[in-house]
2 protein chains.
Amino acid sequence: MGISKIDKMHNLSKNQQIIFDLIDKSPEPLKAYTILYNVQKRGIKAPPQVYRALDKLVEMGKIHKIESRNAFIACHNSSCQVDKATAFSICEVCEKVTEISSTGLSKYLANFKDKDGMKYNKYNLEFFGLCKKCRT
Amino acid sequence: MGISKIDKMHNLSKNQQIIFDLIDKSPEPLKAYTILYNVQKRGIKAPPQVYRALDKLVEMGKIHKIESRNAFIACHNSSCQVDKATAFSICEVCEKVTEISSTGLSKYLANFKDKDGMKYNKYNLEFFGLCKKCRT
DNA sequence: TTATAAATGTTATATTATTACATAGTGTTA
DNA sequence: TAACACTATGTAATAATATAACATTTATAA
Ligand SMILES: [Zn+2]
Ligand SMILES: [Zn+2]
Ligand SMILES: [Zn+2]
Ligand SMILES: [Zn+2]
């Protein structure tokens with residue numbers, strides 16, 4: 001009990017699962033201390049517990065950090081297994097964040113080389129604008 | 001005295017100029033509190049003075065914030081007058097950061113539209129990898 | 001089993017950033 | 001000039017974000 005078979009397949013520990021579930025259910029990015037407040041009733045009482053789980057979940061590609069917001073969202077892009085190639089759209093009015101899943105974009109960026117011929121192993125892209133709702 | 005003609009043309013106030021000069025001279029991104037320690041001898045004594053100047057300089061496009069590092073670099077891209085379209089390469093070993101100035105990349109990203117047809121007015125892209133030095 | 005690695009619990013602290021309010025300078029215009 | 005609005009500055013306090021350090025427990029594997 002506690003951790004089911006399916007959870008084990010996802011390789012999530014108890015704290016990781018609690019924190020992932022919370023982020024996954026949230027319609028908006030969650031900040032570390034918001035997460036902390038929301039999982040204290042489940043026994044997670046201190047920042048390091050939250051940050052450790054977040055770090056692992058990011059490594060696994062289960063969640064992504066929105067750097068410009070210091071907040072985390074669950075990955076809903078099935079092809080996105082690791083934290084290597086991420087792109088997001090962020091509404092500057094309502095703060096809605098959506099993960100962008102564009103083959104064209106990811107191919108373009110994965111193959112991008114700068115002037116020095118530097119090849120990258122990872123990128124993060126954040127677009128800012130107005131979402132549909134906030135545009136009208 | 002204190003603020004020269006050329007500085008006025010750049011519309012920098014005293015604190016903005018002091019802080020811009022420091023960042024501009026630095027070979028590496030500077031963090032807000034590193035800046036604070038380095039300008040205390042020049043009369044800037046408290047965090048708000050630093051953050052206010054940083055905010056304005058970012059608005060003007062004179063400096064950029066490297067979101068994944070909470071650090072700031074001077075803009076050396078003459079076509080980059082505002083904080084609207086930024087791309088950087090970051091070495092994960094030595095933490096060297098370079099602003100990428102690629103017409104192809106900026107055109108591609110400026111014209112990128114997601115599935116919902118959302119048009120963006122701003123983006124920030126950070127590439128991670130190994131710089132020339134650290135690769136050998 | 002024994003060893004190893006991974007995860008957890010806990011306290012304290014470090015780092016990054018903002019609020020709030022008082023004061024001073026700058027430019028515009030009546 | 002005087003009045004006004006606007007921008008920038010100075011200062012203290014505090015909020016928000018993140019990590020260090022160390023003890024303990026749990027999971028995995030030899
Ligand atoms: Zn993803
Ligand atoms: Zn919106
Ligand atoms: Zn620039
Ligand atoms: Zn390097």
Side-chain angles (χ1 to χ4, degrees), chain A residues 1-23 28-60 62-73 83 95, chain B residues 1-5 7-23 26 28-60 62-73 83 95:
Chain A
M1 71 92 178
I3 298 179
S4 69
K5 273 173 198 166
I6 182 103
D7 293 339
K8 273 193 176 167
M9 281 169 52
H10 286 171
N11 293 313
L12 297 192
S13 71
K14 180 170 137 274
N15 287 1
Q16 288 162 13
Q17 188 70 56
I18 290 169
I19 287 172
F20 175 74
D21 287 345
L22 183 71
I23 296 171
E28 60 192 3
L30 293 180
K31 288 168 165 273
Y33 276 72
T34 304
I35 293 168
L36 177 57
Y37 299 141
N38 280 284
V39 297
Q40 282 184 327
K41 64 194 87 168
R42 304 201 58 185
I44 296 174
K45 290 174 185 161
Q49 296 172 286
V50 173
Y51 282 101
R52 283 190 295 228
L54 289 173
D55 287 349
K56 291 292 182 185
L57 290 167
V58 167
E59 267 180 32
M60 294 178 210
K62 302 279 295 176
I63 65 172
H64 300 301
K65 181 172 187 181
I66 309 302
E67 292 287 356
S68 65
R69 300 298 186 261
N70 298 317
F72 299 84
I73 65 170
D83 181 34
E95 291 294 326
Chain B
M1 70 94 179
I3 298 179
S4 70
K5 271 172 198 165
D7 294 338
K8 273 193 175 167
M9 282 168 53
H10 287 170
N11 293 314
L12 298 191
S13 71
K14 180 171 137 272
N15 287 1
Q16 288 161 13
Q17 188 70 57
I18 290 169
I19 286 172
F20 175 74
D21 287 345
L22 184 71
I23 296 170
S26 173
E28 60 191 3
L30 293 180
K31 289 170 163 270
Y33 276 73
T34 304
I35 293 168
L36 177 57
Y37 300 140
N38 280 282
V39 296
Q40 283 184 327
K41 64 194 89 171
R42 302 199 60 184
I44 296 174
K45 290 175 184 161
Q49 295 172 288
V50 172
Y51 282 101
R52 283 190 294 228
L54 290 173
D55 287 349
K56 292 291 181 184
L57 291 167
V58 167
E59 268 180 31
M60 293 179 211
K62 302 280 294 178
I63 65 172
H64 301 301
K65 181 172 187 180
I66 309 302
E67 292 287 355
S68 65
R69 299 298 186 262
N70 298 317
F72 300 84
I73 65 170
D83 183 32
E95 292 292 327

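Within every chain, numbering begins at 1; the chains are lettered A, B, ... in the order of the sequence lines, protein sequences first and strands thereafter.
- Atoms CD (B:Q40) and P (D:dT9) sit 16 Å apart, rounded to a whole Å.
- Side-chain proximity of A:Q16 to D:dT11, C:dT10, C:dA7: nearest is C:dA7.
- Judged by distance alone, the side chain of B:K65 and the main-chain N or O of B:D55 form no donor-acceptor pair under 3.5 Å.
- The bend of the helix from C:dT1-D:dA30 to C:dA30-D:dT1, defined by the angle between the axes of its first five and last five pairs, stands at 30° to the nearest 10°.
- Of the candidate nucleotides D:dT11, D:dA18, C:dT8, D:dA18 has the atom nearest to the side chain of A:A32.
- Nearest to the side chain of A:K56, among C:dA20, C:dA7, C:dG9, sits C:dA7.
- In this model, no side-chain donor or acceptor of A:Y51 finds a partner on the base of D:dA20 within 3.5 Å.
- Rounding to whole angstrom units, CG of residue A:L54 and P of C:dT8 are separated by 12 Å.
- Atom CD1 of A:I35 is separated from atom P of D:dA16 by 16 Å (rounded to the nearest Å).
- In the set C:dA17, C:dT18, D:dA18, C:dA17 carries the atom at the smallest distance from any side-chain atom of B:K65.
- In terms of phosphate contacts, A:K31 brings a side-chain nitrogen or oxygen within less than 4.0 Å of OP1 or OP2 of D:dT17.
- Comparing atom distances between the B:R52 side chain and each of C:dA17, C:dT10, D:dT11 picks out D:dT11 as nearest.
- A side chain to side chain contact (heavy atoms under 4.5 Å, CB included) with B:Q16 is found for one member of B:M60, B:K62, B:R52 and no other, namely B:M60.
- Of the candidates C:dT10, C:dC21, C:dT16, the closest approach to any side-chain atom of A:Q49 belongs to C:dT10.
- Note on A:N15: a side-chain N or O is less than 4.0 Å away from OP1 or OP2 of C:dG9.
- Take the nearest nucleotide of DNA chain D for B:A53 and for A:T34: the residue whose nucleotide is more 5' is B:A53.
- Dashed line: the shortest gap from a side-chain N or O of A:S13 to OP1 or OP2 of C:dT8 is under 4.0 Å.
- The distance from atom CG of A:L36 to atom C1' of C:dT10 is 13 Å, rounded to the nearest whole Å.
- One interatomic measurement links the two molecules: CD of B:Q17 to P of D:dT9, which rounds to 11 Å at whole-angstrom precision.
- Taking both residues in full, the closest heavy atoms of A:L36 and A:A46 are given as CD1-N, 3.8 Å, listed atom of the first, atom of the second, then distance.
- In terms of phosphate contacts, A:N70 brings a side-chain nitrogen or oxygen within less than 4.0 Å of OP1 or OP2 of D:dA18.
- One finds no side-chain N or O of A:K14 lying less than 4.0 angstrom from the OP1 or OP2 phosphate oxygen of C:dA6.
- Atom CG of A:L30 is separated from atom OH of A:Y37 by 13.5 Å, given to the nearest 0.5 angstrom.
- In this structure, A:K56 contributes its side chain and A:L12 its backbone to no donor-acceptor pair below 3.5 Å.
- Distance A:N11 CG to C:dA5 P: 18 Å, rounded to the nearest Å.
- On a pure distance criterion of 3.5 Å, no polar donor-acceptor pair joins the side chain of A:Y33 and the base of D:dA15.
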